[in-house]
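A short write-up of the structure that comes next.
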Amino acid sequence: GAAPHWTYRRCLASLAERGFWIVATPLATSFDHMRLVADATFTFEQAYQALTSSGRLLDPRLPVYGAGHSMGALLTALVGCGGPTVPPGYAKRLRGQIFISYNSQSLAGAVPFWREFWTREEWRPAIGELANRLQEVGELGSGAAGSALDLGTFVARAAGLEGGADILGGKDRLSDLYAPVLAQFPDLFRDVAGGVEDFKPDDRELAKRIPREYPKELPTLLIRFEGDPIDQTKLLEKLLNKGRPGAGGVEVVELKGTHVSPNYNEPPDLLDGTDAMGRAALNAEAPLDAALLGASSQLEALVDAVDRFLPQPAGGAGRGATGATGKPQRLILEGLSADDLRHPLDRRQTKALERVPGISAAVRQVVSVLEQNVYEDNISSSVLVGPQQYPWVHALLASACDALDIREEDRPEVYVRQNPIPNAYTLAIRTKRPFIVVHTALLELLCEEEVEAVIAHELGHLKCEHGTWLSAANVLLLGASTLPLPARLLGPLLERFQEDLLTWQRAAELSCDRA
C-alpha cells in the first residue's frame with residue numbers, strides 16, 4: 001500500500017531485528033497492476049543503488065528476495081514473470097520470492113457491490129466529481145490538517161494520554177502516513193468514473209502468464225493462514241507447479257491466523273502507550289491482552305517461516321553484512337534524555353508512586369542515612385575499575401557511556417566485588433559519584449559484549465534517574481531488620497507500598513533493557 005512502513009511496521013521491524021535489510025516500496029493502489037510492478041521495481045532500484053553505491057553501507061553481493069502480501073503477492077508473481085516493466089538488474093539479482101496470502105480475485109470478487117453500484121453509468125459523473133473534490137481538499141487542507149494534528153497531540157499529552165499522543169503523531173505523521181493513504185482515492189475514483197471493468201491483467205490472463213513466464217528454478221515460498229477465507233494460495237501453487245520437473249522448488253507453509261495477520265500492529269494503551277507484553281510482565285493485563293498476545297504470536301510464526309526459508313549467511317557473516325571487517329561503527333545517541341529512554345510502564349509506575357503524599361521526601365531523607373555506610377562498605381571490599389585494574393571493563397564502560405551520551409563528569413565508578421553469585425547493581429549516592437558493582441562470577445560467566453550489555457543496563461538506571469526509588473526498593477530487599485535504626489523507621493512505611501514499589505522496579509528494568 002501507500003504506507004507499508006506503517007501497515008506492516010511490526011512485521012518488517014521483526015525481520016530487520018533478525019539481520020535482514022528491508023526495502024519497503026510504497027505504492028498507490030491502482031487497477032493497473034503492471035504500472036504498480038513498474039513503480040515498485042523502479043523504487044526498489046533507486047533505494048538499492050543508494051544503499052550500495054558507497055560500498056560501505058550494503059554489500060552489493062547480498063542476495064535479493066521479493067515478498068508480497070495479498071495483492072502485493074500478486075504483484076510479486078508479476079515481477080517474477082519479468083517483462084519490459086521489470087528492470088534487468090532487478091531480475092538478475094532476484095534469488096527467490098515469498099508469497100503471503102496470495103489473492104487474485106476480480107474486482108467483482110474483491111470490492112463489495114462492484115457490479116450493483118460502482119459500475120452503473122448513471123453514477124459515474126457523481127463519482128468523477130467526488131474525485132475532483134477529494135483532490136481539492138487534499139491540496140488545500142494539508143496545512144490545516146497538520147496544525148490540527150499538532151494541536152491534538154499537544155492536548156493529548158497535556159491530558160496525560162501519552163498513547164493517544166503517539167497515535168496522532170503530529171503534522172509529521174500527516175506526510176508520513178495520512179496524506180499518502182488519502183492521496184490514492186482521487187485517481188481510483190477517476191478510474192471508476194472512466195468505466196474500469198477489472199484489474200489489468202485480470203485473473204484469466206494471470207492463469208496463463210504465471211505457468212508460462214515465472215522462472216521454474218526460482219526458489220519460492222507460499223504462506224497461507226488457516227482462518228483466511230479469501231486466500232488463493234492453492235491456486236497459485238497449482239499455477240507455479242505447471243511444467244516444473246517433479247513439482248519441486250515451491251515450499252508451502254500453513255500457519256494459524258487470518259488474512260490480516262501480517263498487518264498486526266498492536267494499538268498502544270491510550271493512557272500511557274504500554275503494550276500487552278509489558279502489561280503481562282507487571283501482572284497488569286487488560287481485557288483484550290490475551291487476544292493481542294495471540295495475534296502477536298501468529299505474526300512471530302510468520303517471521304519464523306520467512307527466516308527459515310531465507311539462506312543463512314555464509315562464513316558466519318551477518319545477514320546485513322556490509323563487506324567491511326571488524327565491528328560495525330557504534331551509533332552515538334547525542335542528546336539522549338531520560339524521557340527518550342523511559343519505557344511507558346516506567347513512566348506510569350513512577351507517576352503512581354509520586355502520587356503517594358510525602359513518600360518521595362521520606363525516602364530521600366532515610367536513604368541519605370544509608371548512603372555513607374553502603375559506600376564505605378563497597379570501597380573497602382571491592383576493586384575500583386580503571387586503566388590499570390580491569391582495563392577491559394573500564395573500556396567497556398567508556399564505550400557504553402559514549403553511546404548513551406553520558407558526560408565524563410557524570411560517569412559512574414565501577415567496582416568489581418568478589419562474589420560467587422553473578423549479579424550487578426547500581427547505587428546513586430547523592431553526595432558522591434554514583435557507582436556500579438559487578439560480581440566476579442558475572443565477569444567469569446559472560447563474554448565482553450554481554451558484560452557491556454550489563455553495564456549499559458546499569459547505566460540506564462542513572463540515565464533515567466532511578467536513584468531514589470531504586471534505593472527504596474533495596475531497603476525492602478535487604479529487610480528492615482538488617483538496616484541501621486533510622487532506616488528501620490522507613491520499613492513499615494515502605495511495606496505499605498511494597499507491591500507498588502516492586503512493580504515500579506520491574507517496570508524500571510524495562511527502561512534499562514532499552515539502554
Side-chain angles (χ1 to χ4, degrees), residues 8 11 15 20 25 27 32-34 36-38 40-41 44 63-88 90-110 198-262 298 301-312:
Y8 295 93
C11 181
L15 286 167
F20 299 108
T25 53
L27 294 172
D32 185 351
H33 288 159
M34 296 312 300
L36 295 181
V37 166
T41 51
F44 175 86
V64 173
Y65 282 75
H69 167 239
S70 192
M71 184 190 77
L74 184 154
L75 300 181
T76 301
L78 290 172
V79 169
C81 290
T85 58
V86 179
Y90 182 87
K92 184 178 179 180
R93 282 188 293 272
L94 192 63
R95 292 293 178 270
Q97 300 217 96
I98 301 165
F99 298 82
I100 304 169
S101 302
Y102 175 82
N103 184 281
S104 63
Q105 291 189 48
S106 65
L107 270 174
D198 207 343
F199 295 116
K200 295 192 301 182
D202 60 21
D203 53 345
R204 294 182 296 267
E205 186 176 348
L206 283 170
K208 297 176 183 177
R209 287 194 60 184
I210 292 174
R212 183 176 68 241
E213 300 173 15
Y214 193 88
K216 302 293 187 291
E217 70 285 354
L218 191 65
T220 301
L221 173 65
L222 309 183
I223 299 176
R224 60 172 176 253
F225 294 97
E226 293 177 358
D228 186 353
I230 62 173
D231 180 88
Q232 294 182 304
T233 297
K234 290 184 178 180
L235 170 63
L236 178 61
E237 180 185 6
K238 181 179 179 181
L239 295 174
L240 291 173
N241 282 329
K242 280 186 178 180
R244 283 188 179 236
V250 176
E251 178 184 350
V252 182
V253 175
E254 183 170 276
L255 303 172
K256 291 182 179 179
T258 68
H259 193 77
V260 296
S261 288
Q298 291 170 358
L302 168 63
V303 174
D304 286 341
V306 173
D307 195 356
R308 287 192 298 270
F309 172 73
L310 295 172
Q312 296 298 314

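Quick note: numbers below take in every heavy atom, side chains included, and nothing from hydrogens, waters or symmetry partners.
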In the structure I gave you, are the side-chain heavy atoms of [X] and [Y] within less than 4.5 Å of one another anywhere?
X	Y	result
Thr76	Tyr102	no
Leu221	Ile98	yes
Tyr214	Gln97	yes
Phe20	Val306	no
Glu237	Leu240	no
Val64	Arg95	no
Arg212	Lys208	yes
Pro63	Leu310	no

Q. Passes side-chain contact (heavy atoms from CB on, under 4.5 Å), Gln298 versus Thr258? Steps please.
A. CA-CA 9 Å; Gln298 291 170 358; Thr258 68; 5.6 Å; no
Q: With Leu74 as reference, evaluate Leu236, Leu206, Asn103 under the side chain to side chain contact (heavy atoms under 4.5 Å, CB included) test and give the passing residue.
A: Leu206
Q: Pick out which of Leu15, Asp307, Leu255 makes a side chain to side chain contact (heavy atoms under 4.5 Å, CB included) with Leu302.
A: Leu255
If you take all heavy atoms of [X] and [Y], which pair is closest and at what distance?
X	Y	answer
Thr85	Thr41	O-OG1, 3.4 Å
Cys81	Arg209	CB-NH2, 3.9 Å
Leu94	Gly66	CD1-N, 3.6 Å
Ala305	Ile223	CB-CD1, 4.2 Å
Tyr65	Pro311	OH-CD, 3.2 Å
Pro262	Cys11	O-CB, 3.6 Å

Working to the nearest 0.5 angstrom, can you tell me the gap between [X] [atom1] and [Y] [atom2]?
X	Y	atom1	atom2	value
Asp228	Thr233	CG	OG1	7.5 Å
Thr25	Leu75	OG1	CG	9.0 Å
Asp198	Asp203	CG	CG	6.5 Å
Ser70	Ile230	OG	CD1	5.5 Å
Arg93	Phe44	CZ	CZ	6.5 Å

(Q) Could you check whether atom CZ of Arg204 has more than 12 heavy atoms from other residues, nucleotides or ligands sitting under 6.0 Å from it? (A)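 It does not: Arg204 CZ has 12 such atoms or fewer within range.
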Q. Taking NZ, NE, NH1 and NH2 as the nitrogens, is one of them in Glu254 or Arg224 under 4.0 Å from a carboxylate oxygen of the other?
A.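 Yes, this pair counts.
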Q.
Determine whether the aromatic ring centres of residues His259 and Phe225 are separated by less than 6.0 angstrom.
A.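 No; His259 has its ring centre 6.0 Å or more from that of Phe225.
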**Q.** Test side-chain contact (heavy atoms from CB on, under 4.5 Å) applied to Thr220 and Glu251, step by step
**A.** CA-CA 6 Å; Thr220 301; Glu251 178 184 350; over 6 Å; no
(Q) Is it the case that the side chain of Lys216 and the backbone of Pro211 share a donor-acceptor pair, with hydrogens and angles ignored and the cut-off at 3.5 Å? (A)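 Yes, Lys216 side chain to Pro211 backbone: donor-acceptor pair under 3.5 Å.
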Q) With distance as the sole test, does Gln232 use its side chain to make a donor-acceptor pair with the main-chain N or O of Ser104 at under 3.5 Å? A) yes
